[in-house]
Amino acid sequence: MTPVDVLRGDGPVVLGMPHAGTWLPDGVADALNPRGRALSDTDWHIDKLYQGLLPDVTTVRAVFHRYVVDPNRDPAGGSLYPGGNTTGLVPLTDFDGKAIWDRPPDEPEIARRVARFHAAYHDALATEIGRVKAIHGVAILYDCHSIRTTIPHLFSGVLPDLNIGTYDGASSAPQVEAAVAGICASAGGYSSVVNGRFKGGWTTRHYGRPRHGVHAIQMELAQSTYLAEEAPPWIFDRDRAARLRPVLQDILETLADLAPRLRS
């Protein structure tokens, strides 16, 4: 199994999809408990949701599941949100704080997974960002995510529909954040927030270097915006998706149009 799927385009926008994969190596699948094998923390159908929205876009998608190793976490093991509940490089619990392993991986096994899967994803992502930047003088990484709207273990209350993360403005130029925030704020029927509970994961923080021509922004979608129900069997709702996709298309097209004005 190839751990990363790359669809290459020549436009200035790169879509990262670290959590859309559901593949588990045999040894990993056997070590998970039944709760873990349900893979409930997947960004379900996020690749389908974004498919075909922007011509010439590059997509880098992890094929493996985040329970193998999470490519949106610091490979050194640092927490994204120190002091708060979150999942780690190789999650030991799901988003509800429940154990997912019968046999949790030890440190040598985690190191092997980082080398085989985490590194493969980021080698591919870094290559595509560099290639796009060489073409355009700038690259915009748009990191695609989704999550359930209510997860008390991770956050209180109900999550807004559209959650924009720029690491408090550090990972992109102000024009990038403002453009996306403006589209989301004017999208009828959707709530949105900038740098709320989700400020951008390790990917956004690692690659976002606006002074060097790489701008990174994360979009965490509430799964209620495009799934029939935020529960198994995680059915893609075509009507809800049809409402949301024009908003996402507007975002991506606006970023592509903005790119030439961001050249350093």
Side-chain angles (χ1 to χ4, degrees), residues 11-21 41-54 57-62 66 70-72 80-81 125 129 139-149 151 154-155 158-208 210 214-227 230 236 240-241 243-259:
V13 178
V14 177
L15 303 183
M17 297 184 181
H19 297 151
D41 299 332
T42 305
D43 292 7
W44 296 102
H45 309 296
I46 203 75
D47 46 352
K48 182 176 182 178
L49 182 67
Y50 280 93
Q51 186 175 15
L53 292 183
L54 183 67
V57 72
T58 294
T59 301
V60 179
R61 182 180 68 91
R66 67 190 304 160
D70 191 332
N72 200 34
L80 284 180
Y81 300 101
L125 189 58
I129 290 171
I140 299 176
L141 171 61
Y142 179 97
D143 216 35
C144 307
H145 295 262
S146 73
I147 195 168
R148 288 177 283 144
T149 54
I151 308 178
L154 295 186
F155 51 83
V158 178
L159 197 69
D161 297 316
L162 312 171
N163 299 266
I164 303 158
T166 62
Y167 197 29
D168 289 328
S171 69
S172 70
Q175 305 96 298
V176 173
E177 180 183 300
V180 177
I183 292 169
C184 292
S186 62
Y190 295 108
S191 56
S192 63
V193 68
V194 179
N195 292 311
R197 171 60 179 84
F198 296 99
K199 299 178 184 293
W202 186 79
T203 301
T204 305
R205 304 176 193 193
H206 178 71
Y207 291 102
V214 179
H215 304 263
I217 188 164
Q218 176 177 301
M219 178 63 75
E220 187 86 54
L221 298 171
Q223 291 180 341
S224 60
T225 60
Y226 72 96
L227 295 183
E230 295 180 335
F236 187 83
R240 290 182 178 183
R243 284 189 59 237
L244 179 60
R245 276 170 55 85
V247 178
L248 302 177
Q249 183 172 28
D250 191 10
I251 290 171
L252 297 182
E253 289 177 346
T254 298
L255 291 177
D257 292 342
L258 180 61

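Computed from heavy atoms alone, side chains included, the values below leave out hydrogens, waters and symmetry copies.
Side chains of Thr59 and Tyr50: a donor-acceptor N/O pair is absent below 3.5 angstrom, by distance only.
Considering only heavy atoms from C-beta on, Arg240 stays 4.5 Å or farther from Leu227 through its side chain.
Shown here for Glu230 and Ser224, the closest heavy-atom pair between the two residues is OE2-N, 2.8 Å. Residues Leu258 and Gln175 come closest through the heavy atom pair CD2-O, 3.8 Å. Counting all heavy atoms, side chain and backbone alike, Pro71 lies closest to Trp202 at O-CE3, 4.3 Å. Of all heavy-atom pairs between Ala216 and Ser172, the closest is O-CB, 3.7 Å. Residue Leu252 comes nearest to Val13 through the heavy atom pair O-CG2, 4.3 Å, listed as atom of the first residue, atom of the second, then distance. Across all non-hydrogen atoms, the minimal contact from Gly165 to Thr204 is O-CG2, 4.0 Å.
Remark: Phe198 engages Tyr81, Ile147, Phe155, Leu159, Gln218, Glu220 in a side chain to side chain contact (heavy atoms under 4.5 Å, CB included) (not counting sequence neighbours). Partners of Tyr207 under the ring-ring contact (aromatic ring centres under 6.0 Å, His included) rule, at least two apart in sequence or in another chain, are His122.
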Step by step, work out the side chain to side chain contact (heavy atoms under 4.5 Å, CB included) result for Met219 and Ile164. CA-CA 5 Å; Met219 178 63 75; Ile164 303 158; 3.9 Å; yes
Should Leu162 and Val180 be marked as a side chain to side chain contact (heavy atoms under 4.5 Å, CB included) after you check the CA-CA gap, both sets of side-chain angles, and the distance that decides it? CA-CA 10 Å; Leu162 312 171; Val180 177; over 6 Å; no
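Pairs of residues two or more places apart, or lying in two chains, never qualify as salt bridge (charged side-chain N to carboxylate O under 4.0 Å, His left out) while including a residue from residues 182-195. Residue pairs that meet the salt bridge (charged side-chain N to carboxylate O under 4.0 Å, His left out) test with at least one member in residues 249-258, sequence neighbours left out, do not exist here. The salt bridge (charged side-chain N to carboxylate O under 4.0 Å, His left out) analysis of residues 173-197, with sequence neighbours excluded, yields no pairs. Applying the salt bridge (charged side-chain N to carboxylate O under 4.0 Å, His left out) test to residues at least two apart or on different chains, the pairs with a partner in residues 160-170 are Asp168-Lys199.
Taken to the nearest 0.5 Å, the OG1 atom of Thr166 stands 4.0 Å off from the CG atom of Asn195. How far CD1 of Ile46 is from NE2 of His145: 8.5 Å, rounded to the nearest 0.5 Å. Taken to the nearest 0.5 Å, the OH atom of Tyr142 stands 8.0 Å off from the CG atom of Leu255. The CG atom of Leu49 lies 5.5 Å from the CZ atom of Phe236; values are rounded to the nearest 0.5 Å. For the atom pair Gln51 CD and Leu15 CG, the distance stands at 11.5 Å (nearest 0.5 Å). With rounding to the nearest 0.5 Å, the separation of CZ in Arg61 from SG in Cys144 is 12.0 Å.
Checking Thr42, Asn72, Asp143, Asp41 one by one against His19, the side chain to side chain contact (heavy atoms under 4.5 Å, CB included) holds for a single residue, Asn72.
Residue Tyr167 places its OH atom among 12 or fewer non-hydrogen atoms of other residues, nucleotides or ligands, all under 6.0 Å distant.
Panel note: side chain Asp43, backbone Ala20; no donor-acceptor pair is recorded below 3.5 Å.
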